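Everything on this sheet refers to the single structure shown next.
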Amino acid sequence: MKAKMFLVYSMATMTLLMGLGGCSESEAGSESPSATLKAYHFTNSGCLSNLRSDGTDDTTSIVGRHEVLRLKALGNGRLQIHHDSVVYQCAAKIELHVTRNGQLIHIEERDVASAQANCTCPYNLKYEFPLEYGDYRIRINDGNTFPFTYTSATDMTLILGDYKGLY
């Protein structure tokens, strides 16, 4: 009797294992998991009044009032991001998370401050992450997705939107 039960359980286990191994990930409908990309050299300007970076590292100048994303290829195989005039509350503590799922690069810049100020102001953020050359789409936070081609010559600016406040 024990031998018969053992045989039944063995057959059931074999059938289950063969069934699981019979379909691939694409047939099962699963997507490839997101990969976290390590961000390097994250800088935050702090709360600004009416200044944005002019593309140089040491100076700022007054420019038009709009949120800008600049993508620039660096010689070390990294893509540098300048996210200028992004608006947060005045006491913001911004954390950065970059993930890649296929050709979609999703960047989350989140205010994680426990204290909230009763004002908002623009910030300039800058960071870089490793990336292989190719065609991608980039999304900042939960905004629009923008296509771009990353090559050794990439240096492009995207206008994300007009800032609707005063600064």
Side-chain angles (χ1 to χ4, degrees), residues 24-26 28-117 120-165 167:
S24 67
E25 284 185 19
S26 61
S30 66
E31 295 183 17
S32 61
S34 293
T36 299
L37 301 177
K38 182 173 173 68
Y40 296 90
H41 307 295
F42 177 48
T43 60
N44 176 345
S45 67
C47 190
L48 302 171
S49 59
N50 61 351
L51 300 177
R52 281 190 46 240
S53 73
D54 64 358
T56 62
D57 289 333
D58 298 326
T59 62
T60 56
S61 63
I62 298 173
V63 295
R65 295 181 179 192
H66 46 267
E67 184 178 351
V68 174
L69 188 69
R70 180 176 178 210
L71 311 175
K72 182 174 174 39
L74 300 178
N76 59 2
R78 294 181 183 168
L79 178 65
Q80 184 179 71
I81 306 288
H82 287 259
H83 191 182
D84 286 352
S85 297
V86 59
V87 178
Y88 289 100
Q89 55 106 3
C90 294
K93 178 183 176 192
I94 301 168
E95 285 189 356
L96 176 69
H97 300 282
V98 182
T99 57
R100 177 178 166 202
N101 190 347
Q103 301 311 107
L104 176 64
I105 298 167
H106 188 202
I107 299 172
E108 291 185 56
E109 304 165 344
R110 297 286 182 217
D111 177 9
V112 296
S114 56
Q116 296 293 309
T120 58
C121 60
Y123 289 77
N124 293 339
L125 308 176
K126 184 170 120 180
Y127 45 90
E128 59 192 62
F129 51 87
L131 191 64
E132 297 172 358
Y133 296 145
D135 294 323
Y136 295 95
R137 294 170 294 130
I138 191 166
R139 177 183 305 142
I140 303 291
N141 298 321
D142 296 323
N144 293 327
T145 301
F146 299 93
F148 74 101
T149 299
Y150 178 50
T151 68
S152 61
T154 297
D155 189 356
M156 63 185 290
T157 301
L158 302 168
I159 307 297
L160 300 182
D162 293 331
Y163 173 59
K164 297 178 180 19
Y167 64 92

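Quick caveat: nothing in here was measured; it's all calculated off a predicted structure.
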Is the shortest heavy-atom distance from the side chain of [X] to the side chain of [Y] under 4.5 Å?
| X | Y | result |
| --- | --- | --- |
| Thr43 | His82 | no |
| Leu131 | Tyr136 | yes |
| Val68 | Ile159 | yes |
| Val98 | Ile105 | yes |
| Thr149 | Thr151 | yes |
| Lys126 | Ile81 | no |
| Met156 | Phe148 | yes |

pair check: Cys47 + Cys121, SG-SG < 2.5 Å: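 Cystine link detected, SG atoms below the 2.5 Å cut.
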Check for a donor-acceptor pair, side chain of [X] on one end and backbone N or O of [Y] on the other, with a separation under 3.5 Å.
| X | Y | value |
| --- | --- | --- |
| His106 | Ile140 | no |
| Gln89 | Ala117 | yes |
| Asp111 | Lys93 | yes |
| Tyr123 | His83 | no |

Write down the atom of [X], the atom of [Y], and the distance for their closest heavy-atom approach.
| X | Y | answer |
| --- | --- | --- |
| Asn124 | Ser85 | OD1-N, 3.0 Å |
| Ala73 | Ser152 | CB-O, 3.6 Å |
| Arg110 | Asp142 | NH2-OD2, 3.3 Å |

Donor on one side chain, acceptor on other, Thr145 and Arg139, under 3.5 Å: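 Short answer, yes.
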Exercise: do Gln103 and Asp135 side chains pair donor with acceptor under 3.5 Å: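 Their side chains do not contain a donor-acceptor pair, so the 3.5 Å distance test is not met.
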Ring pair (Phe, Tyr, Trp, His ring centres under 6.0 Å) partners of Tyr133, counting only residues at least two apart: Tyr150
Set of ring pair (Phe, Tyr, Trp, His ring centres under 6.0 Å) partners for Phe129, sequence neighbours left out: none
Pairwise distance CZ(Arg137) to CG(Asn144) - rounded to 0.5 angstrom: 12.5 Å
Test log, rule side-chain contact (heavy atoms from CB on, under 4.5 Å), inputs Ile94 and Leu125: CA-CA 9 Å; Ile94 301 168; Leu125 308 176; 3.9 Å; yes
side-chain contact (heavy atoms from CB on, under 4.5 Å) evaluation trace for Asp155 with Arg70: CA-CA 7 Å; Asp155 189 356; Arg70 180 176 178 210; 3.0 Å; yes
Criterion side-chain contact (heavy atoms from CB on, under 4.5 Å) on Ile107 and Glu109, from CA distance to verdict: CA-CA 6 Å; Ile107 299 172; Glu109 304 165 344; 4.1 Å; yes
side-chain contact (heavy atoms from CB on, under 4.5 Å) assessment of Leu69 paired with Thr157: CA-CA 6 Å; Leu69 188 69; Thr157 301; over 6 Å; no
Contacts of Arg78 that satisfy salt bridge (Lys or Arg N to Asp or Glu O under 4.0 Å) - sequence neighbours left out: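 Expected list: Glu128.
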